[in-house]
Amino acid sequence: MHEFKFTGKNLYCEKVRVEDLARKYGTPLYVYSYQTLVDHFLKLKKAFHSVDPLICYSVKANSNLAILRSLVDKGAGLDIVSGGELSRAIKAGCPANRIVYASVGKTDKEIEEALRQRILFFNVESVPELENINRIARKLKVTAQVALRINPDVEPKTHKYITTGKLTNKFGIDFKSAQQIFLVRKALSNVKISGLHIHIGSQITESAPYVAAIGKMVDFIGRLRKEGIVLEYLNIGGGLGIVYDKETPQTADKFAAKVLPLLKKRGLKIIMEPGRFISGNAGILVTKVLYIKKTPLKKFVIVDAGMNDLIRPSLYAAFHSIVPLKSPGHRVTGSQEKVDIVGPICESGDFLAKARLMPKVREGEYLAVMSAGAYGFSMSSNYNSRRRAEEVLVVGSESFVIRKRDTWDDLVRNEIIPAFLLGL
Ligand code: LLP
């Protein structure tokens, strides 16, 4: 469900014709629908209202300040994974007591800053990290609130690069080690272990892996309780899948129906960390066809967006639906053809789609790469010294630039030619 729809022969974002945005702001251009973004957040909130969860949107999915602000405004917290994301969260106006911080490699400086800001808690991923947080908290004379990230060893049935809850992954702490941590926790006088966390992977379309993982957590929490260890929070992570192609992911309501009975069992405060579910279908990448190139074996549609703008197809062989901004329904029928849609970057891995059946497109025409609102711009880079795309937020019939396109100067802003090379 999203607010990118054809009306007549044109693709619209809410009440704005996307082609008008492409002409006004240039391409490549990320276009986001405010309504879709907020709707997805509220849908989840509503489905889980009976446990009144704190929904911490996962900043890494789309970290633009305006996107964060839109969600924080509606009551969202934020899930962060670096000092940079902490700084964004604060700049976006997120109250510190709604920020949770995961990552297997938090540096001393990042830990210190998060403690100074008094975030809700750290999701701790290893014993050495826990000891380090304790040491830094002692130095600052504060108590750090933490949740142990458990690796429940379940198979989420998703791409192996985004599977995180198996014991072969670097994330989290196994149950046995976690139990041992609770036995020695009193020695760590400057940390308070107030909860447990899991995040088993991303783009998970079924509820079974969650039910398995949460079931294990509920049992574990029950065992701890028998030993007199009472916890306050259970953070069930993110990972909810969305529709890119023919997937049929669980809706928020179906997901809630499966996991709520488990969550209610222990009366814990529930935290969730969805990223893609909220922003994925709230954004598209608009690109212009530069050339149509025929080779003896193939036809390439060369566009002005590359793997530096959207790396998901190159990195995970991910599918993104690609549609011309002028409805295919208004074209000559039977004019479909198989093409590779590729960017201008000097790598054969630079493609947005391979062997894709497309209506015949022409040079100069615009295409929309759908479902690009999560892990699109946030994973983009300046590779090939390309300026990162402009980002626009549509609200009803208005559009707002929420990030300007890089300038040539931005590309070299932090670079220095040493004086000796300048002959000085
Ligand atoms: N919580 C933690 C601890 C995470 O590591 C992640 C994502 C999330 C929450 C949010 O997951 P989501 O709800 O968005 O699935 N770049 C990949 C996805 C990587 C996900 C990394 N962790 C992609 O483009 O598919």
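First listed ligand is number 1; within each ligand, the first listed atom is number 1. All figures in this text were calculated on a predicted structure; none of them were measured in a lab.
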Notebook entry, point to check: Quick one: nearest non-hydrogen protein atom to atom 19 (C) of ligand 1, plus distance?
Noted result: I162 CG2, 3.6 Å
Note to self: Among all protein heavy atoms in this structure, tell me which lies nearest to atom 20 (C) of ligand 1, with the distance rounded to 0.1 Å.
What the structure shows: Y375 OH, 3.6 Å
Notebook entry, point to check: Is the closest side-chain donor-acceptor distance between S33 and E14 under 3.5 Å?
Noted result: yes
Check: Tell me, which protein residue and heavy-atom name are nearest atom 24 (O) of ligand 1, and how many Å apart are they?
Finding: R312 NE, 2.6 Å
Notebook entry, point to check: At what distance is the nearest protein heavy atom to atom 10 (C) of ligand 1, and which residue and atom is it?
Noted result: S58 OG, 3.4 Å
Next item on the list: Heavy-atom contacts with R276 under 4.0 Å: which atoms of ligand 1 show up? List them by number with element.
Entry: 12 (P), 13 (O), 14 (O), 18 (C), 23 (C), 25 (O)
Margin query: As a test of understanding, state which of K293, K298, K354, R356 forms a side-chain hydrogen bond (donor to acceptor under 3.5 Å, both in side chains) with D340.
Written below: K298
Note to self: Would you say D406 and N382 are linked by a side-chain donor-acceptor pair, where the criterion is simply a distance under 3.5 Å?
What the structure shows: yes
Next item on the list: May I ask you to check whether R149 has an N/O atom sitting below 3.5 Å from an N/O atom of ligand 1?
Entry: no
Next item on the list: Determine whether the side chains of Y25 and S399 contain a donor N or O and an acceptor N or O closer than 3.5 Å.
Entry: yes
Checklist line | Side-chain ion pair, R116 and E112, N-O less than 4.0 Å | finding: yes
Checklist line | Pair N190-T143, side-chain donor/acceptor within less than 3.5 Å | finding: no
Next item on the list: Starting from atom 9 (C) of ligand 1, find the nearest protein heavy-atom neighbour and note its residue, name and distance.
Entry: E273 O, 3.2 Å
Check: Any salt bridge between E129 and K106, counting N to O under 4.0 Å?
Finding: yes
Notebook entry, point to check: Once the angle between the rings of H159 and Y161 is folded into 0 to 90°, is it parallel (under 30°), tilted (30 to 60°) or perpendicular (over 60°)?
Noted result: perpendicular
Margin query: Any nitrogen or oxygen of G275, side chain or backbone, less than 3.5 Å from one on ligand 1?
Written below: yes
Note to self: Centroid separation under 6.0 Å, is that true for the rings of F300 and Y291?
What the structure shows: no
Item checked: Structural part of M379 in contact with ligand 1, heavy atom criterion under 4.0 angstrom -> side chain
Checklist line | For D79, atoms of ligand 1 separated by under 4.0 Å from a heavy atom | finding: 1 (N), 2 (C), 9 (C)
Checklist line | Residue P274 vicinity, atoms of ligand 1 by number, heavy atom under 4.0 Å | finding: 13 (O)
Checklist line | Heavy-atom nearest neighbour in the protein, as seen from atom 16 (N) of ligand 1, with distance rounded to 0.1 Å | finding: Y316 OH, 2.7 Å
Check: Considering only heavy atoms of G238, which atoms of ligand 1 have at least one such atom less than 4.0 Å away?
Finding: 9 (C), 13 (O)
Next item on the list: Give the residue, atom name and distance (to 0.1 Å) of the protein heavy atom nearest atom 22 (N) of ligand 1.
Entry: K60 CD, 3.6 Å
Check: Has ligand 1 got any nitrogen or oxygen that is less than 3.5 angstrom from a nitrogen or oxygen of S202?
Finding: yes
Note to self: Closer than 4.0 angstrom, basic N to acidic O: yes or no for R388 and D410?
What the structure shows: no
Checklist line | Backbone or side-chain N or O of A61 under 3.5 Å from ligand 1 N or O | finding: no
Check: Do NZ/NE/NH1/NH2 and the carboxylate oxygens of R386 and D309 come within less than 4.0 Å?
Finding: yes
Margin query: Students should be able to answer this: which protein heavy-atom is nearest to atom 12 (P) of ligand 1, and at what distance?
Written below: G239 N, 3.4 Å
